[in-house]
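Below you'll find the structure, written out as structure tokens, and then a few comments.
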Amino acid sequence: MAADIRSELKALLRAALEAVAPECGATAIQLERPRQAGHGDFACNLALQLAKPLKRSPRDIAARLVAELPPSPLVVRAEVAGAGFINFTLTPAARRQVVHAVLAQGADYGRSALGGGQKVQVEFVSANPTGPLHVGHDRGAAYGASLASLLDFAGYRVTREFYVNDAGRQMDILALSTWLRYLELHGSTLPFPENAYRGDYVRAMAAAMQKAHGAHYRRDPARLLDGAPEAAADAEGHLDALIAGAKRLLGEDYAYVHDFALTEQLSDARDDLAQFGVHFDVWFSERSLFDTGLVEQAVARLAAQGHVYEQDGARWFRSTAFGDEKDRVVQRENGLYTYFASDIAYHLNKYERGFDRIIDIWGADHHGYIPRVKGAVEALGLDPGRLEVALVQFAVLYREGRKTSMSTRAGEFVTLRELRQEVGNDACRFFYVLRKSDQHLDFDLDLAKSRTNENPVFYIQYAHARIASVLAQWAGEPARLATVDLSPLAAERELALCARLAEFPEVVENAARECAPHLVAFHLKELAGEFHSYYNAERFLVDEAKLREARLALCLAVRQVLANGLAIIGVSAPDSM
RNA sequence: GCGCCCGUAGCUCAGCUGGAUAGAGUACUUGGCUACGAACCAAGGGGUCAGGAGUUCGAAUCUCUUCGGGCGCGCCA
């Protein structure tokens, strides 16, 4: 609807341009929505753009353009303003028609064909399954989930994916940690390494393992230390020796312990995220890349292209040839592939799955990783332009005015679960999306907890609930409002509200283009604000039937847009609070 | 040292591909419930858009530079 008005106005301007300056007929015509109400519904800067090539004053050109504008039933006034803007004021009927559009399209209002059905993959969270999700992950979860919904709404076919790092040393450390706690339950007094996973959840897993299998995985802890360096002298070496010892003593049972811990953590993460309203279509296993030989193949493919060389016994990818700072090891001296190697394979796999766009959402601390991954993609002969990396800055948590430190291994962190319970799902989701993702963020826990009613999410939900309440008291049939006569909506406040509704599809497209769901959140805040003003200024359930129904139709349209927007952000739209 | 991100009101943050007098929330000061929900509304004060230079009709926005902050620079993941 709004797009129709835009294209109509552009056509008018195009015609005027042909009459005034045919030699500049190729100039792109830009329409924007002025901030100030006095500047009409749409503004065009065409005359300002033409000033230089035509060597005439912008206001003069604007006046000529206005004089040549063909008449239109949508436009009540076109005038020159400011430095040479052309401001269009629409007729009230044109401004009101959006209400019918919203009510007719319902939950689909704002849906766009921008994506053209392209396949896009959004990979996010992808946390190591070595402990509960914590506040270092939830911002990425909220952003990724909202972005995925947004792109879906904007006409893309979206796959939401979680990459499971189930192949590395960190998983071995978790398995070891769990097993050591399990041995403690069976009387072991072996000192627990400082640098192993110390969180209580590890003890819980050990207890679960004991409950399910009794002493089946018990081994003599004294034999575990054979040949291990002193923890004090070489903490990491000590840990590796313990892992080797665990594998030696457990034999084939090691795989069970390992997978037990992995499965526990993964299902915990899955539940946690599901309760946060975050769902994935694919949980992609890193280990599967090794099992299917894809890591080997990917490196071989790089080597075949001449991008791999040997040095110091290791094999290196020449990423400097693709803009990276230094070359990177893909296969270590000990024969093991690096995490980077499996990541190359993973991205190769992503391309092979035929996505038109691949969006990786990473924590900002991984920014240095971008050139090597893009470089590898390019080296494989793939189009690096299809791969986009969105960085999410970490939220810094403050408790009683002090920064809270986070360490998974030390077990000191605020979990996503705790944060959700303290702040609430809706507020939490909204809070994160209300910030631009690449902006640093201070999260004051005490403020979020003690004054949740100050969170803007309630402001928006309240508007939704208020409308629901009014409609309930009206007790009429909402479907009937879809075709009601809107002409009683003549007040400036009502027409401004209509304009805000008409903007929603533009906001969706813009937000999708920018991968910026926060734009949707801000738009909803403004819409809710204008509605609250309206609510306080006018009564809806008035005696005069035509006016009452027109106003209720507008309210219903507002409620619909609020609901559609909140759905993108992953926040509920309650009828009562 | 090199690279990436950032610096806007006391605080937390918006500001769309450069547009008109830089905006919200919060805090502070006032006013509004015998009302369709006061988790709301109305009004007020509060700014060298970190500093400087450049690009042009026009800069918070683009370029360069200085200062300040965050992060990254492993045969870790």
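Chain letters run A, B, ... following the sequence lines, proteins first and then strands; every chain starts at 1.
At a threshold of 4.0 angstrom between heavy atoms, the contacts of A:Tyr535 include nucleobase atoms, whether or not backbone atoms are also involved. Counting non-hydrogen atoms under 4.0 angstrom, A:Asn128 reaches the backbone sugars and phosphates but no base. Within 4.0 Å (heavy atoms only), A:Asn87 reaches at least one base atom of the nucleic acid. Counting non-hydrogen atoms under 4.0 angstrom, A:Glu32 reaches the backbone sugars and phosphates but no base. Residue contacts for A:Ala43: at a heavy-atom cut-off of 4.0 Å it reaches a base atom on one of the strands shown. Heavy atoms of A:His367 sit under 4.0 angstrom from at least one base atom. Across all strands, A:Asp312 comes closer than 4.0 Å to base atoms (heavy-atom distances). At the heavy-atom level, A:Gln393 lies under 4.0 Å from the strands shown only through sugar-phosphate atoms. Contacts of A:Ser576 with the nucleic acid, taken as non-hydrogen atoms under 4.0 Å apart, include base atoms. Within 4.0 Å of A:Glu310, counting heavy atoms only, lies no atom of the nucleic acid at all. A:Leu519 comes within 4.0 angstrom of the backbone, heavy atoms only, and of no base. Nucleic acid contact class of A:Ala465 (heavy atoms, under 4.0 Å, all strands): base.
For A:Asp166 against B:rA77, a side-chain-to-base donor-acceptor contact under 3.5 Å is absent. For B:rG19, the base has a donor-acceptor partner in the side chain of A:Asn45 [N/O atoms by modelled type, under 3.5 angstrom].
Looking at residues two or more places apart in sequence or on another chain, you find a side-chain contact (heavy atoms from CB on, under 4.5 Å) between A:Asn334 and A:Arg332, A:Leu336.
With B:rA77, B:rC36, B:rA20 as the candidates, the nucleotide lying closest to the side chain of A:His39 is B:rA20. Distance from the side chain of A:Gln473 is smallest to B:rC36 among B:rC36, B:rG25, B:rA14. Listed candidates were B:rA24, B:rC75, B:rA77. Nearest to the side chain of A:Ala314 is B:rC75. Closest to the side chain of A:Ala81, out of B:rA20, B:rC40, B:rA77, is B:rA20. The A:Tyr459 side chain lies nearest to B:rC40 when the options are B:rA14, B:rC75, B:rC40. Nearest to the side-chain atoms of A:Ser533 among the listed nucleotides B:rA42, B:rG37, B:rA20 stands B:rA42. Distance from the side chain of A:Lys326 is smallest for B:rG74 among the nucleotides B:rA14, B:rC40, B:rG74.
Comparing the C1' positions of B:rA59 and B:rC16 gives an interatomic distance of 16 Å, to the nearest angstrom. Separating the P atom of B:rG47 from that of B:rG1 is a span of 36 Å, rounded to the nearest Å. Rounded to the nearest Å, the gap between the C1' atom of B:rA60 and that of B:rG19 is 12 Å. Separation of the C1' atoms belonging to B:rG52 and B:rG10 is 27 Å when rounded to the nearest angstrom. Taking atom C1' in both B:rA9 and B:rC5, one finds a spacing of 24 Å when rounded to whole Å. Comparing B:rA22 with B:rC28, their P atoms are spaced 27 Å from each other, to the whole Å. Straight-line distance between the P atoms of B:rG70 and B:rU29: roughly 35 Å, to the nearest whole Å. Nucleotides B:rU55 and B:rC62 are separated by 8 Å at their C1' atoms, to the nearest Å.
Taking atom CG of residue A:Leu541 and atom P of nucleotide B:rG37, one finds them 8 Å apart after rounding to whole Å. Rounding to whole angstrom units, CD of residue A:Glu333 and P of B:rC76 are separated by 11 Å. The OH-P distance, from A:Tyr339 to B:rC75, rounds to 16 Å in whole Å. Protein atom CD of A:Glu514 is 6 Å distant from nucleotide atom C1' of B:rC16, rounded to whole Å. Taking atom OH of residue A:Tyr309 and atom C1' of nucleotide B:rC75, one finds them 12 Å apart after rounding to whole Å. To the nearest angstrom, P of B:rA42 lies 15 Å from OH of A:Tyr534. When rounded to the nearest whole Å, the span between CZ of A:Arg372 and P of B:rG74 equals 8 Å. Here the P atom of nucleotide B:rG31 and the CG atom of A:Asn536 are 18 Å apart, to the nearest Å.
Pair check for B:rU55 finds none; no Watson-Crick or G-U wobble contact set falls under 3.5 Å. Pairing for B:rU26 is with B:rG10, a Watson-Crick or G-U wobble pair whose two hydrogen-bonding atom distances lie under 3.5 Å. In this structure, B:rC49 makes no Watson-Crick or G-U wobble pair, since no nucleotide meets both defining distances under 3.5 angstrom. A 3.5 Å limit on both hydrogen-bonding distances identifies B:rC2 as the Watson-Crick or G-U partner of B:rG72. As the counterpart of B:rA38, no nucleotide is assigned, since no Watson-Crick or G-U wobble pattern has both distances under 3.5 Å.
With centroids closer than 5.5 Å and planes inclined by less than 30 degrees as the test, A:Phe85 and the base of B:rA20 pass as a stacked pair. In this pair, A:His518 does not lay its aromatic ring on the base of B:rA14; centres under 5.5 Å and planes under 30 degrees do not both hold.
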Next item on the list: Using the ring-ring contact (aromatic ring centres under 6.0 Å, His included) rule, take A:His307 and A:Phe322 through it: C-alpha gap first, then chi angles, then the decisive distance, then the call.
Entry: CA-CA 10 Å; A:His307 301 306; A:Phe322 301 92; 5.1 Å; yes
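To the nearest 0.5 Å, the span separating CD1 on A:Ile359 from NZ on A:Lys350 amounts to 10.0 Å. Atom CG of residue A:Asn165 and atom CG of residue A:Asn128 lie 4.5 Å apart, to the nearest 0.5 angstrom.
One finds no side-chain N or O of A:Arg466 lying less than 4.0 angstrom from the OP1 or OP2 phosphate oxygen of B:rA39. In terms of phosphate contacts, A:Ser469 brings no side-chain nitrogen or oxygen within less than 4.0 Å of OP1 or OP2 of B:rC36. Residue A:Arg169 has no polar side-chain atom (N or O) positioned under 4.0 Å from OP1 or OP2 of B:rA77. Using a 4.0 Å cut-off, some side-chain N or O of A:Arg332 falls inside it from OP1 or OP2 of B:rA77.
Under a 4.0 Å N-O distance rule, the pair A:Arg287/A:Asp259 qualifies as a salt bridge. Between A:Arg6 and A:Glu506 there is a salt bridge, with a side-chain nitrogen of the basic residue lying less than 4.0 Å from a carboxylate oxygen of the acidic one.
At least one cation-pi condition fails for A:Arg435 and A:Tyr432: the charged atom is not both under 6.0 angstrom from the six-membered ring centre and inside a 45 degree cone around its axis.
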Polar atom pairs (N or O), protein with nucleotides 55-57 of chain B, under 3.5 Å:
none

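Between A:His523 and A:Phe504, the ring-plane angle classifies as tilted under the 30° and 60° cut-offs.
Aromatic ring centroids of A:Phe540 and A:Tyr534 lie under 6.0 Å apart. Taking the six-membered ring wherever Trp is involved, the centroid distance between the rings of A:Tyr346 and A:Phe284 falls below 6.0 Å.
Positionally, the nearest nucleotide of RNA chain B for A:Ile86 lies more toward the 5' end than for the other of A:Gln311 and A:Ile86.
Looking at A:Val542 and A:Arg551, their side chains come closer than 4.5 Å, going by heavy atoms from C-beta outward.
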